[in-house]
Student: 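Handing you a structure now.
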Protein chains: 2
Amino acid sequence: MTTRDTYRHGNLRHALIAAGVELARAGGPDAVVLREATRRAGVVPNAAYRHFTDRRALLSAVSQAALAHLARAMEHTLAQAASDEVNQSAAQAASRPGADTTSLSADAAPDAAATAAHARLRALMRGYLGFAQAEPGLFRAAFATTEMADTDAEAATGAGGRTAFRMLADALDELTACGAVPPERRPGSEYFVWATVHGMATLLIDGPLRHMLPTQVEEAVAQVMEAVGRGL
Amino acid sequence: MTTRDTYRHGNLRHALIAAGVELARAGGPDAVVLREATRRAGVVPNAAYRHFTDRRALLSAVSQAALAHLARAMEHTLAQAASDEVNQSAAQAASRPGADTTSLSADAAPDAAATAAHARLRALMRGYLGFAQAEPGLFRAAFATTEMADTDAEAATGAGGRTAFRMLADALDELTACGAVPPERRPGSEYFVWATVHGMATLLIDGPLRHMLPTQVEEAVAQVMEAVGRGL
DNA sequence: GCATGGATGTGGATGCCGTCCACATCTGGC
DNA sequence: GCCAGATGTGGACGGCATCCACATCCATGC
């Protein structure tokens, strides 16, 4: 379509990954077909082998990109929760005239920091689950590669430079720091949280909850998130 | 190898599923290749189409078989836990001479039933995770089909006629019956448990915990199971 | 006892896919 | 301005899923 005036400088690599992401979005990891990606990039199949040793290598790059999308979705819900918190605190302050609006944590209940940290963790879980539901193909592709240990690799991060897994871990650190989680339970707790949220995601997009009504889904998700909170 | 003296009577169907299970065991769902399965059954590729409309249909049947294997593994650990419990109770009774050995739940602590029910749930979770680790290819194949809602289908059960999911639900019912889980939290709690244990399984076989030492794995698993218990 | 029709397996072909090898072309550094 | 290495092209191979037409077999009904 658009003139490509040569693919030097590694443009083809990016074009192939972008095409692969679209394929994954529409059909999951199995739909990431090397020949189709090259076709969309307006190039002959073999050209891909100058940038990826394998189909698996292309899929792996697509997977990284998908993980980055996941991380961005979580950043988004996290930021949203933060602004909600500010608004809510402001409203509280407004309803209590004379309170100091600038020190948010000091004027609230003693464990305001803990509830805020809990809200952040919940926001991250919501972001994770929301992404899985909004982009099931991308979500599956993100975890399709057996070498998914690269969850913490370079290209799999959001705008803030953190991976999805890292964001969960950081939220747990915050919970521990403000005393909401006993320190002796902190190590390894990201596995619990990640496992639960990831399992819930697969339950929602591939499992028995697949065709539930949105309200029922919402209820099940809320219930699971509460159980996670109790389990920490 | 063995003479087949005709495949009438649907023998070929079973032969193909068996071959598919072996392929899945060795290489996961993608390794379930229709032509290879027919080759192993000593038959021409097209013969498969008399019994399965599709490659996907074959994979689906293999998936059911894999789910049955999972259910059997869980039945096994459950039975083991039951016998352990008997032995332990017997030992307790022996150390307390004069106690009645025949009524196990009556002579123990007030919540003996609850601890036993907890032990059963833990045994099921161990069975789930153990199967995933012992047979990762089969485990992945079990959940490869998008239509995995058939988790509660005919052929996916163990010897006792229950699916893996059902066994978890029954254990939760027992926990509720003996008061270990508040009744208002019971509905939907199987999603929490299943999600956590399933997510943990994928973490163990595909994720960052993949190359952990067995002792570390054991510790992480124990920790997650405790968190589940708290979360219920 | 035997014909017949539906179920089951065979043969051959098509089109897509991943991947390999040899060749063309472009481009940055000398 | 030339050359070497990087990049894209052309053509080919074997494997796969799937389709159509044909062969064979077995149970059923006469």
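Here the structure is a predicted model, which is why all the values come from computation and not from measurement. Residue numbers start from 1 in every chain, and the chains themselves are labelled A, B, ... in the order their sequence lines are given, proteins ahead of strands. All values below come from the heavy atoms of this structure, side chains included, with hydrogens, waters and symmetry mates left out.
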Student: From CZ of A:R39 over to P of C:dG15, roughly how many Å is that when rounded to an integer?
Tutor: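 Rounded to whole Å, this separation is 14 Å.
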
Student: CG of A:D30 versus C1' of C:dC17: gap in Å, rounded?
Tutor: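 Atom-to-atom, A:D30 to C:dC17, this comes out as 13 Å.
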
Student: Roughly how far, to the nearest 0.5 Å, is CZ of B:R72 from CG of B:L67?
Tutor: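 Here the rounded value is 11.0 Å.
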
Student: Quick check on the 6.0 Å ring-centre criterion: do A:F165 and A:Y128 meet it?
Tutor: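 Ring-ring flag for A:F165/A:Y128: false, centres at least 6.0 Å apart.
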
Student: Please determine, for the side chain of A:D54, which listed nucleotide (D:dA17, C:dT19, C:dG9) has the closest atom?
Tutor: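 The nucleotide sitting nearest to the side chain is C:dT19.
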
Student: Round to a whole Å and report the spacing from CG of A:L59 to C1' of C:dG18.
Tutor: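 Distance check: A:L59 CG to C:dG18 C1' gives 14 Å.
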
Student: Check whether any side-chain nitrogen or oxygen of B:Y49 sits under 4.0 Å from OP1 or OP2 of D:dT18, and answer yes or no.
Tutor: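 Checking B:Y49 against D:dT18: at least one side-chain N or O falls below 4.0 Å of OP1 or OP2.
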
Student: So, the side chain of A:E174 versus the backbone of A:A116: is there a donor-acceptor pair under 3.5 Å, distance only?
Tutor: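 No: the side chain of A:E174 does not pair with the backbone of A:A116.
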
Student: Quickly work out the A:E36 CD to C:dG18 C1' distance and round it to whole Å.
Tutor: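 The distance from CD of A:E36 to C1' of C:dG18 comes to 14 Å, rounded to the nearest Å.
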
Student: Hey, does the side chain of A:E75 reach the backbone of A:G160 with a donor-acceptor pair shorter than 3.5 angstrom?
Tutor: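 Looks like yes, one N/O pair under 3.5 Å.
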
Student: Please report whether the ring centroid of A:H69 lies less than 6.0 Å from that of A:F139.
Tutor: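 No, too far apart.
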
Student: Please check if the side chain of A:S63 supplies one atom and the backbone of A:A142 the other of a donor-acceptor pair under 3.5 Å.
Tutor: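 Pair found, side chain donor or acceptor close to backbone of A:A142.
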
Student: Using a heavy-atom cut-off of under 4.0 Å over every strand shown, decide if A:R55 touches base, sugar-phosphate, or nothing.
Tutor: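 Sugar-phosphate, no base atom in range.
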
Student: Roughly how many Å is it from CZ in A:R40 to P in C:dC17, rounded to a whole number?
Tutor: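 The answer, rounded to whole Å, is 11 Å.
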
Student: For A:L34 and for B:P45, find the nucleotide of DNA chain C with the closest heavy atom, then tell me which residue's nucleotide is more 5'.
Tutor: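 In this pair, the answer is B:P45.
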
Student: When you look at B:D170 and B:R166, which way does the salt bridge (Lys or Arg N to Asp or Glu O under 4.0 Å) test go after all the steps?
Tutor: CA-CA 6 Å; B:D170 288 351; B:R166 190 80 162 77; 2.5 Å; yes

Student: Between the protein and nucleotides 22-24 of chain C, list the N/O to N/O atom pairs that are separated by less than 3.5 angstrom.
Tutor:
none

Student: Write down the distance between CG (B:L58) and P (D:dT18), rounded to a whole number of angstrom.
Tutor: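 In whole Å, D:dT18 P and B:L58 CG are 10 Å from each other.
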
Student: If you check the B:R35 side chain, which of C:dT8, D:dT18, D:dG8 turns out closest?
Tutor: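 Of all the options, the side chain of B:R35 is nearest to D:dT18.
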
Student: For B:N11 and D:dC25, what is the distance between atoms CG and P respectively, to the nearest whole Å?
Tutor: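 Answer to the nearest Å: 16 Å.
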
Student: Take the protein atom NE2 of A:H51 and the nucleotide atom C1' of D:dG5, then report the distance between them rounded to whole Å.
Tutor: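 Result: 14 Å.
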
Student: From the list D:dT9, D:dC16, C:dG18, which nucleotide is the closest neighbour of the side chain of B:V33?
Tutor: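 For B:V33, the side-chain atoms sit closest to D:dC16.
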
Student: Examine the base of D:dT7 for any acceptor or donor lying under 3.5 Å from a partner atom in the side chain of A:R13, and report the outcome as yes or no.
Tutor: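 Side chain to base: no pair present.
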
